[in-house]
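Quick caveat: nothing in here was measured; it's all calculated off a predicted structure.
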Amino acid sequence: EKCKDADLRKLMLTLLDAFSTISDALSKELVVKAAEQKSVFGDVQLGVDVLADNLMWDVCKTEPLIKEGASEEEPEVREMHADGKYSIVWDPLDGSAIVDNNWAVGTIIGIWPASTGIVGATGRDQVA
């Protein structure tokens, strides 16, 4: 068994469901600039960026295993569930600038134990 921690396995399956929802939304959503929205880094956000990020935040709000989260679109760490077991960060739609050319895009995610948290965590601390 590759993932012995049942809670981590459950979280990963929940995230896979979210990725499927993002994929479905991409097949239906027009690739347009979000109305006057820019990321905190000054990048123009596409509607699909905002959609994917909102879907990921919805997962954070409903999954009690997630203690805190942050995204490329909104990099402020937000507490979701005080007794959560994991901290997650994500790029909701990496490569979105080329999605209208039908090039590959994807969601990048990192999972750390809540005891490590996000700020100051390293790749060696990452559990998935």
Side-chain angles (χ1 to χ4, degrees):
E1 191 170 315
K2 293 186 185 232
C3 183
K4 293 180 182 180
D5 182 325
D7 286 337
L8 180 57
R9 189 170 50 251
K10 179 184 181 299
L11 176 58
M12 291 169 71
L13 290 172
T14 298
L15 292 169
L16 286 170
D17 283 343
F19 302 158
S20 176
T21 302
I22 290 169
S23 179
D24 288 346
L26 274 175
S27 69
K28 297 173 183 121
E29 180 74 16
L30 290 175
V31 180
V32 296
K33 291 180 185 175
E36 297 300 315
Q37 285 196 309
K38 291 189 177 191
S39 73
V40 294
F41 302 110
D43 299 328
V44 173
Q45 290 179 307
L46 300 176
V48 291
D49 288 317
V50 176
L51 180 75
D53 199 46
N54 288 341
L55 287 168
M56 290 299 297
W57 281 116
D58 289 346
V59 169
C60 287
K61 291 173 190 169
T62 59
E63 177 50 69
L65 288 170
I66 299 173
K67 178 182 174 95
E68 60 188 4
S71 81
E72 181 190 41
E73 305 299 324
E74 296 182 47
E76 294 277 329
V77 176
R78 293 190 209 170
E79 184 171 271
M80 297 289 116
H81 304 276
D83 57 348
K85 194 171 175 182
Y86 301 101
S87 299
I88 69 170
V89 297
W90 64 88
D91 179 344
L93 203 58
D94 188 56
S96 61
I98 59 171
V99 73
D100 59 341
N101 294 326
N102 203 25
W103 288 42
V105 296
T107 302
I108 300 173
I109 193 149
I111 304 172
W112 286 264
S115 59
T116 302
I118 294 170
V119 177
T122 69
R124 287 183 293 282
D125 302 321
Q126 202 169 0
V127 294

Minimum-distance pair of heavy atoms, taken over all atoms of Gly84 and Ala114: O-CB, 3.6 Å
Euclidean distance, Trp112 CH2 relative to Thr122 OG1, rounded to 0.5 Å: 9.0 Å
For the atom pair CD (Glu63) and CE (Met80), what is the distance rounded to the nearest 0.5 Å? 12.5 Å
Would Ile109 end up clustered with Val119 when hydrophobic side chains under 4.5 Å apart are linked, directly or stepwise? no
Drop me the distance from Arg124's CZ to Thr116's OG1, to the nearest 0.5 angstrom. 12.0 Å
For the residue pair Leu8 and Ala128, what are the closest heavy atoms and their distance? CD1-CB, 4.3 Å
Please report the closest heavy-atom contact between Pro113 and Ser87, naming both atoms and the distance. O-OG, 4.1 Å
Rounded to the nearest 0.5 angstrom, the CG-CD distance for Asp91 and Glu73 is 6.5 Å
As a quick check of understanding, evaluate side chain to side chain contact (heavy atoms under 4.5 Å, CB included) for Trp90 and Val59, giving each step before the final call. CA-CA 12 Å; Trp90 64 88; Val59 169; over 6 Å; no
Can you see which heavy atom on Ala18 is nearest to which on Met56, and at what distance? CB-SD, 4.2 Å
Minimum heavy-atom distance His81-Ile66, with the two atoms named: CD2-O, 3.1 Å
Could you measure the distance from the NZ atom of Lys67 to the SG atom of Cys60? Nearest 0.5 Å is fine. 13.5 Å
Is there a path of hydrophobic side-chain contacts, each under 4.5 Å between heavy atoms of I/L/V/M/F/W/Y residues, joining Leu55 to Val89? no
Criterion side chain to side chain contact (heavy atoms under 4.5 Å, CB included) on Val127 and Lys85, from CA distance to verdict: CA-CA 11 Å; Val127 294; Lys85 194 171 175 182; over 6 Å; no
Same hydrophobic cluster for Phe19 and Leu13, using side-chain heavy-atom links shorter than 4.5 Å among ILVMFWY? yes
Is a side-chain N or O of Thr21 found less than 3.5 angstrom from the main chain of Asp17, in a donor-acceptor match? yes
Provide the closest heavy-atom pair for Ser71 versus Asp53 in the form atom of the first, atom of the second, distance. OG-OD1, 2.9 Å
What's the spacing between Arg78 CZ and Lys61 NZ if we round to 0.5 Å? 6.5 Å
Taking a hydrophobic cluster as the set of Ile, Leu, Val, Met, Phe, Trp and Tyr residues connected by side-chain heavy atoms closer than 4.5 Å, whether directly or through intermediates, do Met12 and Ile118 fall within one such cluster? no
